[in-house]
Amino acid sequence: MSPRASGPYRATGPHSAAGASSAGGPAEVSRRQFGRGVLGLGVLAGVGSLTASCGLVGDDRRIRIIVTENAPFQEPTQIAERILEDEGWTFDATYVTDIIQPNTAVDNGEYDVNFFQNISYLRQFNEDNDLDLEPIFFMFEQPSGIYSSQHHSLEDLPDGAQVALPVDTANNGRGIRLLARAGLIEIDESKWVAELSTRDITSNPRDLEFVEVDQQSVGQIYPDVDAVFGFARLLAEIDVMPDEVLIMETEEEALPFALTVCARPGFREEEPEKYEALKSAYHSDEVREWYGEYLDGLLTPAFDRDIDSAWEDVNEH
């Protein structure tokens, strides 16, 4: 670990300007095996030529989507693809592990929509890159909390305990807020959670040390630190289940981090048939059933959540 820093808290690692998606993760789930494609970061190198050869995304019966290569995104997309093709749509899905280019590719018009991010990440990405993409419907919520391989409760954390937090802006504050709710630290309560960082800790009586890591590294670092903040899905992939959590986000705390399908502004109004077809396929009973079976129903479909209200709330902050 890095040398200890001075001040009211200790932190290691950079704090990035742009948030990271809730997408991504290991290739295998220990409780349920699932297949993955082999496409990765290199896929987007051919985006321009694909657009030229296959036609523009405005083609009346063609829908093009860029999706993170991870089961909770990829599997529902494959279900939606079967439904849409049965209805006469041409559905082109590209699976990637990149969390930057899916937004730029949609903004450039190379894809109609993407499916990889939560609305807090999107808000931060828009701000950092001067874009105005918008979410068009929710897909699922994933509970997140603080876990420990070494301690049975937060009260057991010793002075100087190392706590791993996501390095990205959109998720870093979630762990900080939970520690504050548990009374282990005090924070600047005026800051919105997606903008909180270790710099906003005003009191750290236990002298906790914060280790900032890529969220996808939670499984690797989990045994080596006193506690981690992580998505329940990623912890479940290493057989650490939600009943082992020390403190969990409430449903309302988690809503700004629900996963969405996103598009250029005006997509719903300009392409109503595409929008309705996409939403209907992704919110189908088959997709709902898939989420109900995945990791014993760990992820909750957010189909009935009001996307416009939630997006407004996120941007007000």
Side-chain angles (χ1 to χ4, degrees), residues 19 21-23 44 47-48 50-52 54-68 73 76-77 79-94 96 99-141 170 194 255-285 287-288 301-317:
S21 166
S22 295
L44 288 171
V47 161
L50 281 171
T51 303
C54 298
L56 298 176
V57 296
D59 290 350
D60 288 345
R61 302 296 293 179
R62 181 184 297 275
I63 298 174
R64 301 189 69 194
I65 183 171
I66 185 166
V67 186
T68 195
F73 305 84
T77 295
I79 295 171
E81 178 177 8
R82 292 194 295 270
I83 293 171
L84 288 164
E85 289 186 345
D86 285 346
E87 295 174 352
W89 292 91
T90 298
F91 188 80
D92 295 333
T94 298
V96 299
I99 64 169
I100 302 299
Q101 294 191 63
N103 276 336
T104 59
V106 168
D107 181 68
N108 291 339
E110 294 160 347
Y111 290 84
D112 292 291
V113 296
N114 62 43
F115 177 26
F116 80 103
Q117 65 194 322
N118 65 59
I119 58 176
S120 292
Y121 173 78
L122 176 61
R123 185 205 66 83
Q124 187 69 47
F125 191 96
N126 279 344
E127 181 178 315
D128 291 344
N129 295 277
D130 195 26
L131 301 182
D132 54 359
L133 303 179
E134 61 184 23
I136 58 175
F137 53 82
F138 276 127
M139 282 301 296
F140 68 89
E141 300 171 69
L255 182 60
F257 305 95
L259 283 300
T260 70
V261 172
C262 302
R264 296 181 304 282
F267 174 79
R268 286 180 290 183
E269 295 76 21
E270 296 167 8
E271 301 277 6
E273 285 190 74
K274 286 186 182 182
Y275 164 68
E276 292 295 343
L278 271 170
K279 185 176 181 181
S280 178
Y282 270 104
H283 286 184
S284 64
D285 290 341
V287 171
R288 185 183 293 275
F303 300 169
D304 299 326
R305 292 287 214 161
D306 186 336
I307 190 70
D308 293 319
S309 176
W311 184 233
E312 183 178 349
D313 288 345
V314 164
N315 280 284
E316 281 180 357
H317 291 290

Please name the residue in the list D112, D92, T90 that meets the side chain to side chain donor-acceptor pair (under 3.5 Å) test with R62.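 For R62, the side chain to side chain donor-acceptor pair (under 3.5 Å) test succeeds with only one of D112, D92, T90, which is D92.
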For the student: nearest non-hydrogen atoms of [X] and [Y], plus distance:
X    : Y    : result
L84  : A281 : CG-CB, 3.8 Å
Q117 : C262 : NE2-SG, 3.5 Å
T260 : F115 : O-CD1, 3.4 Å
P256 : I119 : O-CG1, 3.1 Å
F138 : A302 : CB-O, 3.3 Å
V261 : V113 : CG1-CB, 3.8 Å

Restricting to salt bridge (Lys or Arg N to Asp or Glu O under 4.0 Å), what partner residues turn up for [X], sequence neighbours left out?
X    : result
E81  : none
D308 : R268
R305 : E141, E251, E252
E87  : none

Would you say CG of D130 has more than 12 non-hydrogen atoms from neighbouring residues, nucleotides or ligands within 6.0 angstrom? no
Going by side chain to side chain contact (heavy atoms under 4.5 Å, CB included), name the residues that satisfy it together with [X], two or more places apart in sequence or in a different chain.
X    : value
E276 : none
E316 : E312, D313
S280 : none
E270 : none

[atom1] of [X] to [atom2] of [Y]: how many Å apart, nearest 0.5 Å?
X    : Y    : atom1 : atom2 : result
F116 : I66  : CZ    : CD1   : 8.5 Å
K279 : F303 : NZ    : CZ    : 10.5 Å
I136 : E271 : CD1   : CD    : 10.5 Å
W89  : D60  : CH2   : CG    : 8.0 Å
E273 : R61  : CD    : CZ    : 6.0 Å
N118 : R123 : CG    : CZ    : 11.0 Å

Using the rule side chain to side chain contact (heavy atoms under 4.5 Å, CB included), only one of N114, V314, N103, L131 pairs with L122; which is it? N103
Looking at L133, N126, N129, which one forms a side chain to side chain contact (heavy atoms under 4.5 Å, CB included) with D107? L133
Contact check, side chains of K274 and F267, non-hydrogen atoms, under 4.5 Å: yes
Evaluate the side-chain proximity of P301 to V287: yes if any heavy-atom separation is below 4.5 Å, no if none is.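 Contact flag for V287/P301 side chains = no.
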F137: what forms a ring pair (Phe, Tyr, Trp, His ring centres under 6.0 Å) with it, not counting sequence neighbours?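 Listed in chain order: H283.
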Ring pair (Phe, Tyr, Trp, His ring centres under 6.0 Å) partners for F140, two or more places apart: F73, Y291
Can you name the side chain to side chain donor-acceptor pair (under 3.5 Å) partners of T77, sequence neighbours left out?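 T77 satisfies side chain to side chain donor-acceptor pair (under 3.5 Å) with Y282 once adjacent residues are dropped.
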